[in-house]
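As structure tokens, the structure follows; a few thoughts come after it.
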Amino acid sequence: MKTKKYTQLKENVIEDVLPNGLRVSLVPKNNYHKTFAVITTEYGALDTAFQINNEEPIIIPPGTAHFLEHKLFEKEDGDAFAGFGALGADANAFTNAYQTSYLFSTSQNFSSALSYLLDFVQAPYFTQQTVAKEQGIIGQEIQMYADDPNWKVYMGLLNLMYPDTSLATDIAGTQASIALITPELLYQIHRAFYQPSQLHLQIVGRFDPDEILALIHQNQAQKVIESVDVKKITNEINTPREQNMTASFSVVRPKVAFGLRIQHDILKGEAGAKMSEVADIVNDMLFGEQTDWYQSLYSQGIIDTEFSVSYDLIREYQFVSIIAETTEIVALTEAIQKRLDQYQEVLLESRESFEQIRRATLGEGIQRLNSLESIALRGDDVLFGINLFDQVMLIQNLTFEDILTGAEILYRTVHLQRFILQQQ
């Protein structure tokens, strides 16, 4: 067990690794009444194939990670949500491209709820009947997303930038892909990615660290869980086949998404986290509401409040997306291209705004430290391996030179791709 101290923030993080490989991070905050616990596996929608102990590769149909998340709550003796509810705890779960997490919050019976979390995540129950039932439920969810124009334009852009990759496939999968899921496959995935060495437990709030660590050690010592070697098999990132694409949909006004694939070495750890913060500030300086560029386009009716710019670094994928709702697609395309062509000049001319944006970003980060849920959910960053306290300190130390260096990576070579969702 070790304690990481954040003197400036007056916070401590206690870390431990159990004999079976389970990683634990504890953030005691005894001036709160509630406690959050989150257990995470670094298995998500991007994972499409793996091997156990160098055996034959196992193919994972799109949507399986999300499907397994749903099914894990269903047990032979009832529903795990009901089990948490009986203890006075609120439970939830989520799956994204790179992780699956299960969590609960409570102001009572925390030890019992924590034991329940560990037990239900580590004891799967899948049958052909329950899998078939879930396939129908998830199928309805897939259709709901297919009818959402905002999701449609974003997924259209991902398919344009990264054709035939798992990133460009809906996290929920398709009707055809989830039909391939079997109880046997779910058990194999659970064996690989839900073994203790693949899990990280994060606890934030009111609790006694020594008592809780003893409880976790006792809970895990009572279980016999097989340890296996796991190797993920990654798919190739294909070269885009087209620069522009248009699709028809039921929209009041056209929606347009612009994308830039960033060609750069894969960034991990603190370097990846830093790049994410830098990119957000760069994009705010170039396209933020406070810029003359934004205000001019807004006053001309070329953009509205739906305009947004974001940077994503997801394992080997690194890209910028710009999404808008407009009838002035040509004018907007030209304005964005010109802005990107002049990014160095714009940043140098707006150097004074950097410090304002950095301080605002730092303020938002510090504000999140008042939220137990934010600390818990950001405390196990499986992409970069740093917690919310690390992130706040990282923002505090950013310099304008970091901004210029990051902008070079983002916009030195620009190949703008465009996906349009037009009226039927």
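- Using bins of under 30°, 30° to 60° and over 60° for the plane-to-plane angle, the ring pair Phe287/Phe307 lands in the tilted bin.
- Ser350 and Val346 make their closest contact through OG-O, 2.7 Å (heavy atoms, listed as atom of the first residue, atom of the second, distance).
- The pair Asp390-Lys274 fails the salt-bridge criterion, with no side-chain N (NZ, NE, NH1 or NH2) lying under 4.0 Å from an Asp/Glu carboxylate O.
- Ring-plane geometry between Phe84 and Tyr116 is classed as perpendicular, the angle between the planes exceeding 60 degrees on a 0 to 90 degree scale with a lower cut at 30.
- Paired with Lys71 under the rule side chain to side chain contact (heavy atoms under 4.5 Å, CB included), one option of Thr127, Ile138, Ile181, Thr130 passes, and it is Thr130.
- Ring geometry for Tyr294 against Tyr298 counts as parallel: the plane angle stays under 30°, on a 0 to 90° scale with 60° as the upper cut.
- Side chains of Glu69 and Tyr102: a donor-acceptor N/O pair is absent below 3.5 angstrom, by distance only.
- Checking Gln342 against Tyr411 by side-chain atom types alone, no donor-acceptor pair falls below 3.5 Å.
- In plain terms, the two heavy atoms of Ile233 and Pro57 that are nearest each other are CD1-CB, 3.7 Å.
- Residues Leu185 and Ile189 have side chains in contact (heavy-atom distance under 4.5 Å, counting atoms from C-beta outward).
- Nearest heavy-atom pair, Leu157 versus Ser321, reported as atom, atom and distance to 0.1 Å: CD2-CB, 3.7 Å.
- A salt bridge links Lys223 with Asp119: the distance from a Lys NZ or Arg NE/NH1/NH2 to an Asp or Glu carboxylate oxygen falls below 4.0 Å.
- Using a 4.0 Å cut-off between charged side-chain N and carboxylate O, Arg358 and Glu277 make no salt bridge.
- With contacts defined as side-chain heavy-atom distances shorter than 4.5 Å, the pair Tyr194/Pro124 does not qualify.
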Chi angles and distances behind the side-chain contact (heavy atoms from CB on, under 4.5 Å) call for Phe319, Tyr162: CA-CA 10 Å; Phe319 60 94; Tyr162 300 102; 3.6 Å; yes
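- In this structure, Arg253 pairs ionically with Asp304, as a charged nitrogen and a carboxylate oxygen lie closer than 4.0 Å.
- The six-membered or imidazole ring of Phe110 lies near that of Phe104, with a centre-to-centre distance under 6.0 Å.
- Considering only heavy atoms from C-beta on, Ile375 comes within 4.5 Å of Phe389 through its side chain.
- Between Ser115 and Ser112, the side chains place no donor N or O within less than 3.5 Å of an acceptor N or O (distance only, hydrogens not considered).
- Pairing each heavy atom of Ile225 with each of Pro196, the nearest pair is CG2-CD, 3.7 Å.
- Phe207 CZ to Leu213 CG: the interatomic distance, rounded to the nearest 0.5 Å, is 8.5 Å.
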Criterion side-chain contact (heavy atoms from CB on, under 4.5 Å) on Lys255 and Lys152, from CA distance to verdict: CA-CA 10 Å; Lys255 290 183 178 290; Lys152 193 80 173 178; over 6 Å; no
Full working for side-chain contact (heavy atoms from CB on, under 4.5 Å) between Val204 and Gln202: CA-CA 7 Å; Val204 182; Gln202 170 90 2; 3.7 Å; yes
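- A centroid separation of 6.0 Å or more is found between the aromatic rings of Tyr43 and Phe50.
- Lys75 places a side-chain N or O within donor-acceptor distance of the main-chain N or O of Ala123, the cut-off being under 3.5 Å.
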Full working for side chain to side chain donor-acceptor pair (under 3.5 Å) between Gln195 and His190: CA-CA 7 Å; Gln195 59 178 311; His190 190 278; over 6 Å; no
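- A distance-only check finds no donor-acceptor pair linking the side chain of Ser107 to the backbone of Lys34 [under 3.5 Å].
- Formation of a donor-acceptor pair under 3.5 Å by the Asn238 side chain with backbone atoms of Pro163 is found in this model.
- Between Gln391 atom CD and Thr361 atom OG1 the span is 10.5 Å, to the nearest 0.5 Å.
- Side-chain atoms of Asn235 do not come within 3.5 Å of backbone N or O of Thr165 as any donor-acceptor pair.
- One side chain, His217 or Asp16, offers a donor N or O that lies under 3.5 Å from an acceptor on the other.
- Atom-to-atom distance recorded for Leu87:CG and Leu117:CG is 11.5 Å, nearest 0.5 angstrom.
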Full working for side-chain contact (heavy atoms from CB on, under 4.5 Å) between Ile52 and Arg191: CA-CA 9 Å; Ile52 295 177; Arg191 179 189 176 204; 3.9 Å; yes
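- Side chains of Gln198 and Thr41: a donor-acceptor N/O pair is absent below 3.5 angstrom, by distance only.
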